[in-house]
2 protein chains.
Amino acid sequence: MADINVTAKTTGKTADLTGRSSSSGSQSIAAGEPAWDIIELLFFAYRDFVGDADEVLAKFSFGRAHHRVLHFVNRNPGMKVAELLDILKITKQSLGRVLKQLVDQGYVLQKEGANDRRQRLLYVTSKGEALAMKLAGLQTERIARALKDTGPGTHDTARRFLTAMLDAEGRDRVLRLIARADHARRPRA
Amino acid sequence: MADINVTAKTTGKTADLTGRSSSSGSQSIAAGEPAWDIIELLFFAYRDFVGDADEVLAKFSFGRAHHRVLHFVNRNPGMKVAELLDILKITKQSLGRVLKQLVDQGYVLQKEGANDRRQRLLYVTSKGEALAMKLAGLQTERIARALKDTGPGTHDTARRFLTAMLDAEGRDRVLRLIARADHARRPRA
DNA sequence: CGAAATATGTCAACATGGCTGACATAAATG
DNA sequence: CATTTATGTCAGCCATGTTGACATATTTCG
């Protein structure tokens, strides 16, 4: 749990930009100095990260919007439409468009709520789960490689860094969502 | 340069998800187990990260496309249109649309290349620089806060992790771009 | 019970920012 | 001089976001 993380180790396979920036005193970012490195690395890393999935999705004529819906439904089986809207922060019209396609093509199904019959609870089908897991697998490969290349303890540091990057207001909601999904295991699909 | 990073310190202000995952052995991701935490944190963190800029841009009736152009031109004054296209990986038609608006509204200007008069070298104006720096400042605030909250040594770890997340093929190009921009200081604007 | 609130869906229209394809111009190059 | 290169531009399509207005079924509440 308490992890001693000695990061003297370098990636060792790429032109190294850490040398320059640490020699210019990157520790904590001198007030007023933009964190150019992190800003740009986030841009390029995120693009490559989502790019993995994009290629596969293209074969299904799906886009990132479909991926996001499929991902969260897979992770939170039985979730309400309203919850999904709240997570994605898009309008129901935008969601409706891609959700309809996912349902029509048999990746997602909707069941009436047992208690509240107005609700249309969302589940992935086995076909939907397969695709969601394939996409998650691709992204996990990249993450696992990166964590391995960056050294032990990085998973924890990355998690804490990314958590700290979240808006403070929504942070707990995000963390609760992740924690909840980690427990909600396949009530059925 | 060699940084000893003791990460026993926790963020300490949010519901903590690291406890659960470290207790389930998050070290290096058990083969086949999707890295749900990093996948979802990347999604939410990136959204919040770009959200900072989005709010400001909206006041100028600009979008993320304008931001990206302005950012890279600010960072690489005198860059060629072709270089920018290559960095952004969009078509010249897409670039042309936003670039024209930035030029028309006085954020970016184009000068004939001294050697090659076909080139239209790109520079930010002082107005453009001001906006670019404002946006970078907002994002840097978030990053600096996150790095501070996550503890010393995180800047280096974050940089190395994000670098390792890049496609291996394009990695050196990205690192060279960042390193080059760090040196290219205002040939004028 | 009946009115109001809630969960969801849908139609229409519009904006942004990707894309392809075709074509135009000026300047460099061989 | 012919070709290639750097850039711009017109026209139209697609994906995915938006607003606003309604429709329907169901639950909730006075």
Side-chain angles (χ1 to χ4, degrees), chain A residues 43 46-47 50-51 53-73 78-105 108-123, chain B residues 43 46-47 50-51 53-73 78-105 108-123:
Chain A
F43 171 69
Y46 191 77
R47 185 168 72 181
V50 298
D54 288 346
E55 292 177 39
V56 175
L57 290 160
K59 297 180 198 160
F60 295 77
S61 298
F62 285 155
R64 288 181 195 177
H66 302 88
H67 185 190
R68 291 193 281 267
V69 170
L70 190 62
H71 173 92
F72 285 107
V73 172
M79 82 189 312
K80 295 185 298 178
V81 170
E83 290 178 70
L84 187 50
L85 287 173
D86 192 57
I87 290 171
L88 298 178
K89 292 205 169 68
I90 59 176
T91 59
K92 63 179 171 182
Q93 295 90 332
S94 292
L95 172 60
R97 210 153 28 191
V98 294
L99 183 54
K100 188 172 192 310
Q101 297 174 23
L102 287 168
V103 169
D104 289 350
Q105 297 178 46
V108 170
L109 59 84
Q110 298 177 284
K111 317 180 60 159
E112 243 181 21
N115 307 331
D116 189 333
R117 288 173 39 218
R118 290 171 303 181
Q119 300 173 347
R120 300 303 156 78
L121 306 184
L122 302 169
Y123 298 87
Chain B
F43 171 69
Y46 191 77
R47 184 170 72 181
V50 297
D54 287 346
E55 293 177 37
V56 175
L57 290 160
K59 298 181 198 160
F60 295 77
S61 298
F62 284 154
R64 287 182 195 177
H66 302 88
H67 186 190
R68 290 195 280 268
V69 171
L70 191 61
H71 172 94
F72 285 107
V73 172
M79 83 190 310
K80 297 187 296 178
V81 170
E83 288 178 71
L84 188 50
L85 286 174
D86 191 56
I87 289 171
L88 298 177
K89 292 203 168 70
I90 60 176
T91 59
K92 63 179 172 181
Q93 296 89 332
S94 293
L95 173 59
R97 211 155 28 191
V98 294
L99 183 54
K100 188 172 192 310
Q101 297 175 336
L102 287 168
V103 169
D104 288 350
Q105 297 178 44
V108 169
L109 58 85
Q110 299 177 282
K111 316 180 57 159
E112 244 181 22
N115 307 332
D116 189 333
R117 289 173 40 219
R118 289 172 304 181
Q119 300 173 347
R120 300 302 156 81
L121 306 185
L122 302 168
Y123 298 86

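Naming: A, B, ... by sequence-line order, numbering from 1 per chain.
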Just how far, in rounded Å, is [atom2] of [N] from [atom1] of [X]?
| X | N | atom1 | atom2 | answer |
| --- | --- | --- | --- | --- |
| Leu85(A) | dT8(C) | CG | P | 8 Å |
| Leu102(B) | dT16(C) | CG | P | 13 Å |
| Ile90(A) | dT18(D) | CD1 | P | 7 Å |
| Phe60(B) | dT16(C) | CZ | P | 16 Å |
| His67(B) | dG18(C) | NE2 | P | 13 Å |
| Asp86(A) | dA7(C) | CG | C1' | 14 Å |
| Gln101(A) | dT10(C) | CD | C1' | 15 Å |
| Lys100(A) | dA15(D) | NZ | P | 15 Å |

Next on the checklist: Quick check: any donor-acceptor pair below 3.5 Å linking the side-chain of Arg118(A) to the base of dT27(D)?
Outcome noted: no
Which of the following nucleotides, [options], is nearest to the side chain of [X]?
| X | options | value |
| --- | --- | --- |
| Arg68(B) | dT7(D), dG17(D), dG18(C) | dG18(C) |
| Gln93(A) | dA27(C), dT18(D), dG9(C) | dT18(D) |
| Lys80(A) | dT8(C), dG17(D), dG8(D) | dT8(C) |
| Ala82(B) | dT7(D), dG18(C), dA7(C) | dT7(D) |
| Lys92(B) | dG17(C), dA28(C), dG8(D) | dG8(D) |
| Gln119(B) | dA7(C), dA6(D), dG18(C) | dA6(D) |

Using only side-chain N and O atoms of [X], determine if any of them is under 4.0 Å from OP1 or OP2 of [N].
| X | N | answer |
| --- | --- | --- |
| His66(B) | dG17(C) | yes |
| Ser94(B) | dC19(C) | yes |
| Thr91(B) | dC19(C) | yes |

Checklist entry - Within the side chain of Arg47(A), is there an N or O that forms a donor-acceptor pair under 3.5 Å with the backbone of Leu88(B)? => result yes
Next on the checklist: I'd like to know if the side chain of Arg120(B) reaches the main chain of Gly113(B), judged simply by a donor and an acceptor atom lying under 3.5 Å from each other, with no hydrogens or angles considered.
Outcome noted: no
Across the strands shown, which category fits [X] at heavy-atom distances under 4.0 angstrom: base, sugar-phosphate, nothing?
| X | value |
| --- | --- |
| Gly96(A) | nothing |
| Gln110(A) | sugar-phosphate |
| Arg97(A) | base |

Checklist outcome for this item: Walking DNA chain D from its 5' end, the first of Ala114(A) and Phe62(A) to be reached, judged by nearest nucleotide, is Phe62(A)
Checklist entry - Relative to the 5' end of DNA chain D, which residue comes earlier, Ser61(A) or Arg117(A), by the nucleotide with the nearest heavy atom? => result Ser61(A)
Item to check | Aromatic centroids of Phe43(A) and Tyr46(B) separated by under 6.0 Å | outcome: no
Next on the checklist: Let me confirm one number: the CG-CD distance from Leu121(A) to Glu83(A), rounded to the nearest 0.5 Å.
Outcome noted: 8.5 Å
Checklist outcome for this item: Per side chain to side chain contact (heavy atoms under 4.5 Å, CB included), Val69(B) is matched among Leu122(B), Leu99(B), Ile87(B), Ile90(B) by Leu99(B)
Next on the checklist: Does Asp104(A) have more than 12 heavy atoms from other residues, nucleotides or ligands lying within 6.0 Å of its CG?
Outcome noted: yes
